[in-house]
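Here is how names work: the chains are called A, B, and so on, in the same order as the sequence lines, proteins then strands, and each is numbered from 1. Computed from heavy atoms alone, side chains included, the values below leave out hydrogens, waters and symmetry copies.
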Protein chains: 2
Amino acid sequence: MKIAVSGKGGVGKTTVAATLAKLLAASHKNVYAVDADPDACLAAAVGIPEEQIRNLKPLVDMKELVDQKSAGGGAFFSLNPDVDDILKEYSIPLGNIRFLRMGGIKQGGSACYCRENSFLNALMGGVLWDKESAVILDMGAGIEHLTRGTAQSVDIMLVVIEPSKNSVNTAKLVKQLAADLGIKKIKFIGNKIRNEKERDFIQKHFEPDEILGFIPFDDDIWESSMESGPAVELGGDLFRSMKEIHEKLLQEVDG
Amino acid sequence: MKIAVSGKGGVGKTTVAATLAKLLAASHKNVYAVDADPDACLAAAVGIPEEQIRNLKPLVDMKELVDQKSAGGGAFFSLNPDVDDILKEYSIPLGNIRFLRMGGIKQGGSACYCRENSFLNALMGGVLWDKESAVILDMGAGIEHLTRGTAQSVDIMLVVIEPSKNSVNTAKLVKQLAADLGIKKIKFIGNKIRNEKERDFIQKHFEPDEILGFIPFDDDIWESSMESGPAVELGGDLFRSMKEIHEKLLQEVDG
C-alpha cells in the first residue's frame, strides 16, 4: 500500500503521516515512512533524536548506486530485491517502521529539488516495495510536488485540511492535480476541528464519501510543540481519530 | 526596498506580508506585492475577489516579452522603464499596491516551478524597481526557494516563526541559507504568541537584535479564516504589532 499525505502548509500533514505510520506498523509487516519535504520533520515528529536525523543519508544518494547497477535505465527497480537490505543504509529504524528522507540540505542558491523528486517518483513507481509493506510519503507543503508528479504512483492521496478557506482551496487544487496524475483515490482529513461549525464548513465543501475522518483540535499537541520529543504520542484524541481513519483507509485500499 | 517573507508552512507568512504591504503603502509611492508561492493566496488575504485573482497573468508570462526585447539577454532589465506601465497587465491594483503572482497553475505532472523562480530572481535583480517603491515577496513554505536563490537580491529577509520547535528549526535553516545567498539582513518575527512562555521560547533561540517583533495570537483571524474577505483587516492586535515592525523595518533598511 502506497500513501501520500498532502495539503497546505501548517495543516498537520506531518502529524497525520507520523501517526498513520505508527498505526500501519500494526497492520503491515514493514512501514517505510518517507519525508518528501526538503524542510524535513517527519522523523522528529516521532521523537527520533536530531543528531541521528542529521546523519541520515537522503534517498537521492542512492541514485548513483542505481545508475551504476542499471547503467542509467530503470532495470534496478524491477529486480524486486530485499528492500529492507538495500534501504538499511538510508533509513532510521523504529520497530518495524523505517524513516527515510527524499533529499538532504543544500547550500543556499545551489539547486532546486527536481532531481530528488524525480528519483523518488522513479523509486515509488518501481516494484521495489513488496505487498506486505506500506509506504507513506509526507509531501512538501503546497502544490509543486503535484505539478512535478512525485507521488503519481501512490494508491491513495490523503489531503489534510484545517477549517480555513485557504486550506480548502489548496485541497481542491490538490484533488484536481492528483486526478491529472491519474491517482484514483483522493480522500480528505479534517484536522484541528474545534466545533460543529468548523466540521460543517469542511463538510460543505466535499462529498461525504470523500472525507475519511475528522481530528479534533488538540491543545496538548500545540503545547508540546515547543519541546523535543514524540509529539504524536501525546494526543489521545489524535490517536483515537486516526485509528478510525486508519481502518477506513485499509477498507478503501483493499476494497 | 526589497523584502522577502519566509518561514515554515502555516506560520503566517501571507498574513504578515499582506499586512506589511498595506503599511508600506503609506510609506512608499508604490508597493509591489508578489506572491512567490505556486499555491498562491496573498491577493485573497487582502480581500481581492477570487474571480479577479483567477484571471491574473503570472509574471513568468512576461518572460517571452523580455526574451523578445532583449534577445535572451538581461538588457531589458537595465532600461529602467516605467515599471508600473509594464506591470499593469500582470497585476491587480488596490490603492497604490499592486498584487502580482510568480507563476500560474499547471497541470499535475507537467512541470516544476524552476522557470518561474529563475525569472523572478532575474526580475528582482534588475533595476526595474525604482527607489521610491517597495517590493514584498511572499515566498513558498519551506526552504526550496532558498536553495534556488529566488530572493537573493532582497535587502532584507523576514522569517516568520510560531512558538514551535519545527518552525524555529526551519527559521535557523532559512537564516543559514539566506547567509549563503549573501542576503545581509535576516530578521525574525514571532507570530501567534499567546503568553510569556511562548515569547521566551522564541527569544531563547535568537539574539535580541535579530527579532523585529512579536504578534499576539488572534482568535478573530482564526475565526475569520473560514470566510472570504480581507482577513488582515480584522486583526486589531495584528495591525498594532505590525505597525511597530514596519517602523523597525524602515530603520533597518534605511539605517
Undergrad: Would you mind checking which part of A:Asn117 comes under 4.5 Å of any heavy atom in chain B, side chain (CB onward), backbone (N, CA, C, O), both or neither?
TA: neither

Undergrad: Relative to chain A, which of B:Pro38, B:Cys41, B:Cys112 shows the most heavy atom pairs under 4.5 Å?
TA: B:Cys112

Undergrad: What residues of residues 141-151 of chain B sit under 4.5 Å from chain A when only non-hydrogen atoms are counted?
TA: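 Expected list: B:Ala141, B:Gly142, B:Ile143, B:Glu144, B:Leu146, B:Thr147, B:Arg148, B:Gly149.
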
Undergrad: What option among A:Ala178, A:Gly12, A:Pro163 has the most heavy-atom pairs under 4.5 Å with chain B?
TA: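 Among A:Ala178, A:Gly12, A:Pro163, the one with the most close pairs to chain B is A:Pro163.
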
Undergrad: Find the one option among B:Gly10, B:Cys114, B:Ala111, B:Ala179 whose heavy-atom pairs under 4.5 Å with chain A are most numerous.
TA: B:Ala111

Undergrad: Would you mind checking which part of A:Lys192 comes under 4.5 Å of any heavy atom in chain B, side chain (CB onward), backbone (N, CA, C, O), both or neither?
TA: both

Undergrad: Could you have a look at A:Leu181, A:Ile183, A:Ile202 and say which one has the most heavy-atom pairs with chain B under 4.5 angstrom?
TA: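 Greatest number of close heavy-atom pairs with chain B: A:Leu181.
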
Undergrad: List in chain and number order the residues that pass salt bridge (Lys or Arg N to Asp or Glu O under 4.0 Å) with B:Lys8, two or more places apart in sequence or in another chain; answer none if no residue qualifies.
TA: none

Undergrad: For A:Gln107 versus B:Asp180, what's the shortest heavy-atom pair and its separation?
TA: CG-OD2, 3.3 Å

Undergrad: Taking all non-hydrogen atoms of both residues, which atom of B:Leu177 and which atom of A:Lys106 are closest, and how far apart?
TA: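 The answer is CD2-O, 3.0 Å.
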
Undergrad: Check each atom of B:Asn169 against the heavy atoms of chain A and say whether the ones under 4.5 Å are side chain, backbone, both or neither.
TA: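 The side chain, not the backbone.
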
Undergrad: Rounded to the nearest 0.5 Å, what's the gap from CD1 on B:Ile105 to CG on A:Leu173? Could you check?
TA: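 One gets 4.5 Å once the value is rounded to the nearest 0.5 Å.
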
